[in-house]
Amino acid sequence: MLPGLTTDCLETLHELAVEGREHFAAGGGQPEDLFAAPCLNDNEEWLSFLAELVERNALGWI
């Protein structure tokens, strides 16, 4: 697992929540029916898991 791939940025959020909704609507979907899942790095349980994973695999670097 690569921790760098589990984070998001404003550009990604915009692409998923705004542009994704536009594409969904252009394909015939109702924009209000599109659900954009919340980002993992905004969840305390996920952050704790990730910190433990890094500590366990840092091979003494921390």
Side-chain angles (χ1 to χ4, degrees):
M1 177 192 295
L2 300 172
L5 300 176
T6 63
T7 62
D8 56 45
C9 65
L10 291 178
E11 181 181 6
T12 302
L13 293 174
H14 178 51
E15 289 169 352
L16 294 174
V18 176
E19 293 177 20
R21 190 172 310 280
E22 292 170 358
H23 288 293
F24 182 72
Q30 296 299 315
E32 63 274 5
D33 291 338
L34 180 72
F35 175 76
C39 297
L40 287 174
N41 67 351
D42 192 32
N43 181 293
E44 187 174 333
E45 185 176 352
W46 168 251
L47 294 175
S48 295
F49 165 78
L50 189 57
E52 180 184 329
L53 182 68
V54 170
E55 288 175 3
R56 192 172 49 222
N57 291 283
L59 302 175
W61 285 21
I62 297 178

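Residue indices begin at 1 and follow the sequence shown. Because the structure is predicted, anything quoted here is derived from the model rather than measured.
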Take atom CD in Glu45; do more than 12 heavy atoms of anything else shown fall under 6.0 Å from it?
no

Within one Ile-Leu-Val-Met-Phe-Trp-Tyr cluster: Val18 and Leu34, side-chain cutoff 4.5 Å
no

Between the CG atom in Leu50 and the CD atom in Glu55, the distance rounded to the nearest 0.5 Å is 10.0 Å

Rounding to 0.5 Å, atoms CD (Glu44) and CZ (Phe49) come to a distance of 15.5 Å

